[in-house]
Structures are given as structure tokens and as C-alpha cells.
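For reference, the structure discussed in these notes is given below.
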Amino acid sequence: MIRYQGLILLLTVSANAFAEVPYIKVRLAAKMKKVLVSGVDIERSILLTNKKEQFSGYRKTIFNCEDKSNYVRRNKPMKLAVLSSKTGLLNWGKHRYKGKFYLQTSESYNGCDLINELSLEDYLSTLLPKEMSSSWPIEALKAQAVAARSYAYYKMRTKQVSRAKGFKTNYDLESSERHQVNGSYFDATGKTILATKKTEGEILTLLNGNLIPVFYHSKCGGKTLRPDQVWSEVLKGYASVECPYCHKHGKKNWRRKISKTSLVESLLSGRATTAKGRSDIKFIDGSRYQPSVRYYKGKKLNLIKKSRLRSTFGRKTLPSNYFDIQDKKDYIEIEGAGYGHGVGMCQFGAKEMALRGFTYKEILAHYFPELKLRKIY
């Protein structure tokens with residue numbers, strides 16, 4: 001999960017913002033050439049022709065998204081169809097989903113996007129086993145449910161995805177590591193349903209009630225980071241906290257080597273790949289707790305963000321932002337800990353805290369000491 005995407009919009013939410021559980025729209029897939037949906041007692045609306053159909057019994061319906069003869073390209077996606085079932089369940093591929101399906105053109109008009117609309121609580125019960133193992137302690141799962149609900153609710157209320165793209169996307173977030181990964185109907189388990197139910201309607205907000213995106217990651221490596229230490233903008237409500245809990249869980253510390261030739265060609269906008277060019281670049285050792293890495297190019301001191309290093313060389317090469325650098329003349333040696341961006345709740349830390357008897361409220365209070373738990377429905 002999850003990376004920061006720029007503009008933060010602050011909204012104040014009242015204690016009873018929704019009388020009922022809100023519904024969320026999740027983009028399951030994009031740019032598909034063909035879409036096959038099946039189910040029992042399907043109701044289908046073709047929006048281009050305003051044609052509504054009902055089918056009794058089991059039915060398959062196929063959409064050919066390569067045929068563009070029925071619509072004219074616009075500067076935003078076009079809604080094509082809505083599908084629902086009297087049973088409340090629809091099949092896409094090998095998976096079954098609660099709620100409705102919406103089909104629309106992709107943003108670049110080179111296929112179709114599939115959007116699933118379902119209740120926020122049903123969404124969370126399928127998300128938990130994808131973003132956190134369903135075998136983990138119930139208090140860790142409850143903490144994860146609150147964090148994921150807070151993130152999703154922020155996206156819904158602020159329409160952040162549409163604002164970032166500059167047009168109405170018709171969905172609140174996507175099922176991917178870019179936002180959050182959710183599962184299908186059969187991914188939910190007794191524990192994930194219980195964790196969702198026991199925290200129903202609970203989110204984290206600023207003390208004044210303003211909504212903010214609530215982040216989490218796999219393993220911090222000993223200390224969480226603030227958003228400004230990883231990304232560019234300062235977000236109120238975040239603090240860097242010590243985490244003595246995660247070191248026994250997940251993958252151990254890691255070590256990588258990157259040649260200075262790769263660094264020069266990929267990052268430093270230079271073409272000096274000769275030995276002389278490489279020796280002109282000298283990295284300053286250390287920087288584990290810093291958001292940037294310092295290096296000299298000749299006599300000039302420069303900074304490069306760790307997040308840029310990660311995006312350039314990939315998460316497999318640099319699993320986290322929590323690392324030190326040592327200059328080894330022709331290459332740099334990177335030693336790090338943790339997995340993920342390091343902002344917000346450490347999931348492996350939450351697991352260990354739950355194993356030690358901490359409640360989900362205590363877990364959230366540890367990783368988000370400047371936020372408040374609120375029940376909004």
C-alpha cells in the first residue's frame with residue numbers, strides 16, 4: 001500500500017456524517033479489451049442507449065471494449081453500463097463480488113474499466129486479508145480496519161482521485177498498491193468480518209475533526225517516518241515514533257550495491273560514466289533517519305530524495321526509505337531495514353503489540369499519537 005499523491009484537502013466530519021454505512025466505488029481493473037460478467041437474475045442497463053434488461057436464472061454477458069463505433073472519444077471516461085443482481089452478488093472472471101458493477105471507457109479510451117460499488121464495511125472485510133494476514137491477532141486486524149477505513153473515507157469525501165486527475169473518474173480509489181488492495185467476496189473470513197464489525201464506522205481524524213489520509217506500511221525497521229521525511233509536503237497529525245516491536249517479524253535487514261555508473265546515468269543527469277566521472281561523485285555516509293542522501297559532485301554539495309532513489313531503482317532494490325549509504329569508490333553500499341514507505345502504522349509492529357496484549361486503540365494511539373479515534377456512523 002499506498003503512496004502519497006500531492007494535494008491534501010482538509011474536511012471536517014461531524015459525528016453523524018452518515019446515518020447509514022456509505023458506499024464506495026473501487027476500480028478493479030483498467031484498459032480491458034473484453035469484460036465477462038456473470039450471475040443469477042442479472043439486471044443490466046446500457047447507458048449509451050438507455051436500454052434496461054432483466055434476465056432470469058444464470059446469465060453471462062460479454063462486453064467487447066475494442067469496438068469503439070458506439071461512442072465518440074471525450075476528455076473524460078464515458079459510462080457504458082451498470083449491472084446488478086437480485087442475489088447481491090456478481091462474478092467477474094474467477095471471483096465473486098458484492099454490490100454493483102459499472103463499466104466505463106478507460107481514461108485513454110483504449111479499453112474498459114470495471115468499477116465495483118459496495119458498502120464500505122463489506123469492502124473492508126475483503127481488504128483485510130489482502131493488506132494484512134487474516135491469521136494475525138484480532139486487535140491488529142481491528143487497527144488495520146480503522147486505518148484502511150480512514151484512508152478510504154478520506155478519498156471518498158474529498159474526491160481526491162478526481163481532483164488529482166482533473167476530471168470525474170466515477171470511482172473513489174483503485175484496488176492496487178497505489179491505493180489499497182481489496183479482495184473478493186470469498187476472501188473475507190470470520191476474523192476479518194469480526195474486525196470490521198467491531199470497529200464499524202470508526203476512523204482517525206485530526207483533533208479538530210478534519211479528515212486526513214491515514215497511511216500504513218509493512219515494516220518500519222525501528223522508527224516510523226513523517227510524510228515530509230518521505231514525500232514533499234508536511235501533513236499535520238503525523239509524528240515519527242519509535243517502534244521496538246517489528247524487528248522479530250517479517251524479513252530481516254537488507255543490503256544492496258548500486259554502481260556509480262547506474263547512478264550517474266539514471267539520476268544525476270550526467271554522462272560521466274568514465275572512471276574519472278565516477279570518482280568526481282562522493283556520497284556522504286549515514287543518513288538513515290534523513291529523507292535525503294547527500295553527495296558531492298566535484299566541490300558542490302547536493303541532495304537527492306530517498307523516495308526518488310526508490311522510484312528509480314524499484315522497491316525490490318530499495319525496499320524502504322530507512323537506510324544508510326556508504327561510498328565504496330566505484331559503487332555505493334546501502335544497508336537498510338524495514339519494508340514500505342515507513343509512514344504511519346507499522347503492520348508488523350501492530351502484530352507484535354497485539355501479541356503482547358495491546359488493544360487496537362492502544363496500537364493506533366502509539367503510531368498516531370496526534371490523531372483522534374471518532375465514530376462517524
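Computation of the quantities below employed the complete heavy-atom set of this structure, encompassing side-chain atoms and omitting hydrogens, waters and symmetry-equivalent molecules.
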(request) Please examine the side chains of Trp92 and Asn116, heavy atoms only from C-beta on, and report whether any two atoms are closer than 4.5 Å. (result) no
(request) Count the heavy atoms of every other residue, nucleotide or ligand shown that sit under 6.0 Å from NZ of Lys33, and state whether that count exceeds 12. (result) yes
(request) Can you measure from CD (Glu131) to NE2 (His217) and round to the nearest 0.5 angstrom? (result) 13.0 Å
(message) So which atom in Ala140 and which in Ala350 form the shortest heavy-atom distance, rounded to 0.1 Å?
(response) CB-O, 3.9 Å
(request) First locate atom CG of Leu124, then atom OG of Ser119, and finally report the distance between them rounded to the nearest 0.5 Å. (result) 8.5 Å
(request) Keeping the roles fixed (side chain from Thr158, backbone from Tyr154), state whether a donor-acceptor pair exists under 3.5 Å. (result) yes
(message) Is it the case that over 12 heavy atoms from other parts of the model lie below 6.0 angstrom from the NZ atom of Lys372?
(response) no
(request) Apply the test side chain to side chain contact (heavy atoms under 4.5 Å, CB included) to residues Leu373 and Leu204: give CA-CA distance (whole Å), side-chain angles for both, the deciding distance (0.1 Å), then the verdict. (result) CA-CA 5 Å; Leu373 187 66; Leu204 293 170; 4.0 Å; yes
(message) Show the nearest heavy-atom pair for residues Tyr367 and Gly344, with the distance to one decimal.
(response) CD2-O, 3.9 Å
(message) Quick one, Glu53 with Arg59, criterion salt bridge (charged side-chain N to carboxylate O under 4.0 Å, His left out). Give me CA distance, side-chain angles, the key distance, then yes/no.
(response) CA-CA 12 Å; Glu53 299 172 292; Arg59 174 82 178 193; over 6 Å; no
(request) Could you tell me whether the side chain of Asp41 and the main chain of Ser85 form a donor-acceptor pair under 3.5 Å? (result) no
(request) Verify, without hydrogens or angle tests, whether Lys260 (side chain) and Ile281 (backbone) share a donor-acceptor contact under 3.5 angstrom. (result) yes
(message) Just so I know, are the side chains of Tyr185 and Asp122 near enough to count as touching, which here means a heavy-atom distance under 4.5 Å?
(response) no
(message) Tell me if a side-chain donor or acceptor on Tyr238 pairs with a main-chain N or O of Phe215 at a distance below 3.5 Å.
(response) yes
(message) Less than 4.5 Å apart, side chain to side chain, heavy atoms only: is that true for Tyr102 and Tyr171?
(response) no
(message) Would you say that Tyr97 contacts Leu114 through its side chain, given a criterion of any heavy-atom pair below 4.5 Å between the two side chains?
(response) no
(message) For the residue pair Lys155 / Gln160, report whether a side-chain donor-acceptor contact shorter than 3.5 Å exists.
(response) yes
(request) Determine yes or no for a side-chain-to-main-chain donor-acceptor pair under 3.5 angstrom, with Arg308 supplying the side chain and Ser292 the backbone. (result) no
(message) Rounded to the nearest 0.5 Å, what separates atom CG in Leu80 from atom OG1 in Thr49?
(response) 10.5 Å
(message) Using the rule given for side chain to side chain donor-acceptor pair (under 3.5 Å), can you reason through Thr261 versus Ser259, listing the C-alpha separation, both sets of side-chain angles and the distance that settles it, and then say yes or no?
(response) CA-CA 5 Å; Thr261 297; Ser259 72; 4.7 Å; no
(request) Look at the side chain of Ser307 and the backbone N and O of Val230, then say whether any donor-acceptor pair between them is shorter than 3.5 Å. (result) yes
(message) Checking Thr169 against Ser162: is there a side-chain donor and acceptor pair closer than 3.5 Å?
(response) yes
(message) Working note: Lys191 + Leu128, criterion side chain to side chain contact (heavy atoms under 4.5 Å, CB included); need CA distance, chi angles, decisive distance, verdict.
(response) CA-CA 9 Å; Lys191 283 181 72 173; Leu128 291 181; over 6 Å; no
(message) Looking at Asn208, I want to see if its CG is surrounded by more than 12 non-hydrogen atoms of other residues, nucleotides or ligands under 6.0 Å.
(response) yes
(request) Please check if any side-chain donor atom of Ser175 sits under 3.5 Å from a side-chain acceptor atom of Asn182, or the reverse. (result) yes
(request) Could you tell me the separation between the CD1 atom of Ile363 and the OH atom of Tyr245, rounded to the nearest 0.5 Å? (result) 9.5 Å
(message) Walk me through whether Tyr295 and Ile325 qualify under side chain to side chain contact (heavy atoms under 4.5 Å, CB included).
(response) CA-CA 10 Å; Tyr295 69 93; Ile325 281 185; over 6 Å; no
(request) Just do the salt bridge (charged side-chain N to carboxylate O under 4.0 Å, His left out) check on Arg255 and Glu333 with the steps written out, would you? (result) CA-CA 7 Å; Arg255 190 186 300 268; Glu333 187 172 82; 3.2 Å; yes
(message) Looking at Asn302, is its backbone amide N or carbonyl O close enough to the side chain of Arg294 to form a donor-acceptor pair, meaning the two atoms are under 3.5 Å apart?
(response) no
(message) For a 4.5 angstrom cut-off between non-hydrogen side-chain atoms, does Leu120 reach Tyr377?
(response) yes
(request) Write down the atom of Pro369, the atom of Ala239, and the distance for their closest heavy-atom approach. (result) CG-CB, 4.1 Å
(request) Please tell me if the side chains of Gln180 and Tyr216 come closer than 4.5 Å, counting only heavy atoms from C-beta onward. (result) yes
(request) Check whether more than 12 heavy atoms from other residues, nucleotides or ligands sit under 6.0 Å from atom NZ of Lys165, and answer yes or no. (result) yes
(message) Among Lys305, Gln229, Arg310, exactly one meets side chain to side chain contact (heavy atoms under 4.5 Å, CB included) together with Asn321. Which residue is that?
(response) Arg310
(request) Report yes if some heavy atom in the side chain of Phe323 is under 4.5 Å from a heavy atom in the side chain of Leu309; otherwise report no. (result) yes
(request) For residues 138-150, pull every pair meeting side-chain hydrogen bond (donor to acceptor under 3.5 Å, both in side chains), keeping only residues two or more places apart or in separate chains. (result) Glu121-Arg149, Glu139-Lys142, Gln144-Gln347, Arg149-Thr199
(message) Please report the interatomic distance CG(Asp324) to CD1(Ile332), rounded to the nearest 0.5 Å.
(response) 11.5 Å
(message) Using a 3.5 Å distance criterion without hydrogens, assess whether the side chain of Ser320 forms a donor-acceptor pair with backbone atoms of Ala337.
(response) yes
(request) Could you check Val293, Leu225, Leu318 and say which one makes a side chain to side chain contact (heavy atoms under 4.5 Å, CB included) with Lys306? (result) Val293
(request) Report yes or no: does Trp254 contribute a side-chain atom to a donor-acceptor pair with the main-chain N or O of Gly338 at less than 3.5 Å? (result) yes
(message) Could you check whether Lys223 makes a cation-pi contact with Tyr322, meaning its NZ or CZ is under 6.0 Å from the centre of the six-membered ring and within 45° of the ring axis?
(response) no
(request) Please answer whether the main-chain N or O of Cys112 pairs with a side-chain N or O of Thr105 as donor and acceptor at a distance below 3.5 Å. (result) no
(message) Apply side chain to side chain contact (heavy atoms under 4.5 Å, CB included) to residues Phe63 and Met32 and explain how you reach the verdict.
(response) CA-CA 10 Å; Phe63 296 89; Met32 293 183 294; over 6 Å; no
(request) Working to the nearest 0.5 Å, report the span between CD1 of Ile24 and CD1 of Ile115. (result) 12.0 Å
(request) Determine whether Leu207 and Glu370 make a side-chain contact, defined as any pair of heavy atoms from C-beta on separated by less than 4.5 Å. (result) no
(message) I'd like to know whether the aromatic ring centres of Phe358 and His366 sit less than 6.0 Å apart in this structure.
(response) no
(message) For Asn170, run the side-chain hydrogen bond (donor to acceptor under 3.5 Å, both in side chains) check against Gln104, Lys76, Arg27 and tell me which one passes.
(response) Gln104
